Amino acid sequence: MIEVKHVNKSFGKTQVLKDISATFEKGKVNLIIGQSGHGKTVLAKCIVGLHEVDSGEILFNGRDFCKMNRVERTSIRQEIGMLFQGSALFDSMTVEENVMFPLLMFKKMTKKEMLTRVNFCLERVNLTGRNSLFPSECSGGMQKRIGIARAIAMNPKYLFCDEPNSGLDPKTAILIDTLIREITYEYQITTVAITHDMNSVMEIGDNILFIHNGNNWWTGNKNNIITTENLEVTSFVYASEFMKEIKDSITEKNKNK
Amino acid sequence: MKLIEGFGKYFLMLTIVFRTPEKFSVFRRRLFEELEHIGINSIPLVALMSSFIGGVIALQTASNMSNPLLPTYTVGYITQSSTILEFSPTIISLILAGKVGSNIASEIGTMRVTEQIDALEIMGVNSLNFLVLPKVTAAVLFFPILVIFSMGLSLAGGWIALVLSDLSSTETYVYGIRYYFEMSNVWYALTKCVVFGFIIVTISSFYGYYVKGGSLEVGRSSTQAVVSSSVAILVANFLLTQMILLS
Ligand SMILES: Nc1ncnc2c1ncn2[C@@H]1O[C@H](COP(=O)(O)OP(=O)(O)OP(=O)(O)O)[C@@H](O)[C@H]1O
Ligand SMILES: [Mg+2]
């Protein structure tokens, strides 16, 4: 479980996160949603310590991450897997070396065991047999999936995915969503995923945190997000004409009943 | 003020770089990669520079020696001492600051702006130690080899130039080189180039590691890295000369 308590973060004069508190449960897919530029990535990076928070607490199973020294942080970080918004693959390594990298650094495994693990991870993201490609030779969606494979290589306790399925076709996107949900439930991971995609919200949103202008604006789950009266949330959920029509037809139906 | 802050940050960085590597096998592999990048790949450039400049030093000395009172072996002696004392350790290091320094700064800088360094940190890897320590080690180990190589080629370049232009005979040139040859000068040169190698790698890594922005900033920081490490080399050269030769 990860708890975020009263976190503030500014860059220079602009305050990006304003007194955010949230709880991300173990064994659940916790989503952070919100409009572009409203602080989702910054929040995720604060949680994992890539940005130092100005004030507030971040607790990993009760241990305050902000107060830890380098060595203590390192031990927690080996339990974190993270997919970056821009994938952040090591561009001078092949797909295989990318996924193998964390194992090579931290695990006492033979080469063969590592390779088995790498191939297992690549298989889960539908990338079997692409081991020897370089990231620059992969499509954007493939890079995302390699990033996920690398994030899950170490069997993390905490999984962060920054827009895991942006830039993927609907079918692959659902595949990735399903994968994230499966491993979350199977290994009881605390998963935090950032997304814009209403499809994934409805698919996998066990807990949803809606961020607006750096504030914790709304929390809920996939069942009550469609019925909430919160103006910003509804305008996010029903942004497209298509979704509005669906909503209208639903309310119409309800009236006729 | 900013300068002092920069110094502080630089020395803080060094304390993070110099820690025991997480896994020795990984470090060893990275070290061999860097020995190739920094060392082997610099050989052609060093060879070209050294042989030509050695030739020019010899020719210029010979053509300026119209005074019949000077013995003819002076050409060899001067070529030898200027090569060993200054040209090979200092000038070659300055040239390598351009090649190796800009390379390192842009490599690490690109990793920074594409979040690859963040990715390393998230995994729990000490990114500075992982990236920089193999480079420093490689430079400190290989720079002396490059410099000895450069000394040899520079003297050979001088010899070829003199013999081809008929300004001196092989015997007098070699006699001049061996005349008053001091081994301590070679040790002095090697000490210098180890320090210079350290300076080049750490300063360039510093500029790359703390870059913010995009490709434009990466380019700018790699220029900055070359300028700063060159200045640092000149200052260090001055200080080392004071300390070693005049003590
Ligand atoms: N390193 C930084 N330095 C200064 N400002 C930053 C930095 N990172 C983010 N910001 C600012 O913080 C705000 C929130 O950015 P963030 O990346 O969290 O948005 P986001 O919600 O992830 O958007 P998107 O959905 O487009 O990825 C933006 O206004 C951005 O300009
Ligand atoms: Mg983002």
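Predicted model, so just to flag it, every value in this text is computed and none were measured. Proteins get letters first, then strands, A, B, ... in listed order; numbering begins at 1 in each.
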Is B/Ile16 close to chain A through its backbone or its side chain, or both, or neither, when contacts mean heavy atoms under 4.5 Å?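 For B/Ile16, side-chain heavy atoms alone lie under 4.5 Å from chain A.
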Report which part of B/Val26 has an atom under 4.5 Å of a heavy atom belonging to chain A: side chain, backbone, both, or neither.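 The side chain, not the backbone.
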Please examine the side chains of A/Leu89 and B/Gln116, heavy atoms only from C-beta on, and report whether any two atoms are closer than 4.5 Å.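 In short, these two side chains do not touch, never coming nearer than 4.5 Å.
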Evaluate B/Met123 against A/Met154 for side-chain contact (heavy atoms from CB on, under 4.5 Å), listing each step before the verdict. CA-CA 9 Å; B/Met123 290 173 190; A/Met154 291 276 283; over 6 Å; no
Please report the shortest heavy-atom distance between A/Ala88 and B/Ala119, naming the atom on each side. O-CB, 3.9 Å
How far apart are the closest heavy atoms of B/Ser127 and A/Arg70, and which atoms are they? N-NH2, 4.5 Å
Quick one: pull up OG in A/Ser87 and CD in B/Glu115 and give me the separation to the nearest 0.5 Å.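 If we round to the nearest 0.5 Å, A/Ser87:OG and B/Glu115:CD are 9.5 Å apart.
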B/Ile122 side, atom CD1; A/Arg77 side, atom CZ - distance, nearest 0.5 Å: 5.0 Å
For the [atom1] atom on [X], are there more than 12 heavy atoms of other groups (residues, nucleotides or ligands in this structure) within a distance under 6.0 Å?
{"X": "B/Arg29", "atom1": "CZ", "value": "no"}
{"X": "B/Phe18", "atom1": "CZ", "value": "yes"}
{"X": "A/His196", "atom1": "NE2", "value": "yes"}
{"X": "A/Glu186", "atom1": "CD", "value": "yes"}
{"X": "B/Arg30", "atom1": "CZ", "value": "yes"}
{"X": "B/Phe7", "atom1": "CZ", "value": "no"}
{"X": "A/Tyr185", "atom1": "OH", "value": "yes"}

Under 4.5 Å heavy-atom distance to chain B, tell me which part of [X] shows up: side chain, backbone, both or neither.
{"X": "A/Phe160", "answer": "neither"}
{"X": "A/Ile76", "answer": "neither"}
{"X": "A/Leu50", "answer": "side chain"}

Report the residues that fulfil side-chain hydrogen bond (donor to acceptor under 3.5 Å, both in side chains) with B/Ser82, sequence neighbours left out, ordered by chain and then residue number.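 In terms of side-chain hydrogen bond (donor to acceptor under 3.5 Å, both in side chains), with neighbours along the sequence ignored, B/Ser82 is linked to no residue.
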For the backbone of A/Lys108 and the side chain of B/Lys23, can you confirm whether one donor and one acceptor N or O come within less than 3.5 Å of each other? no
B/Glu121 and A/Arg73 ion-paired at < 4.0 Å: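 Salt bridge: no.
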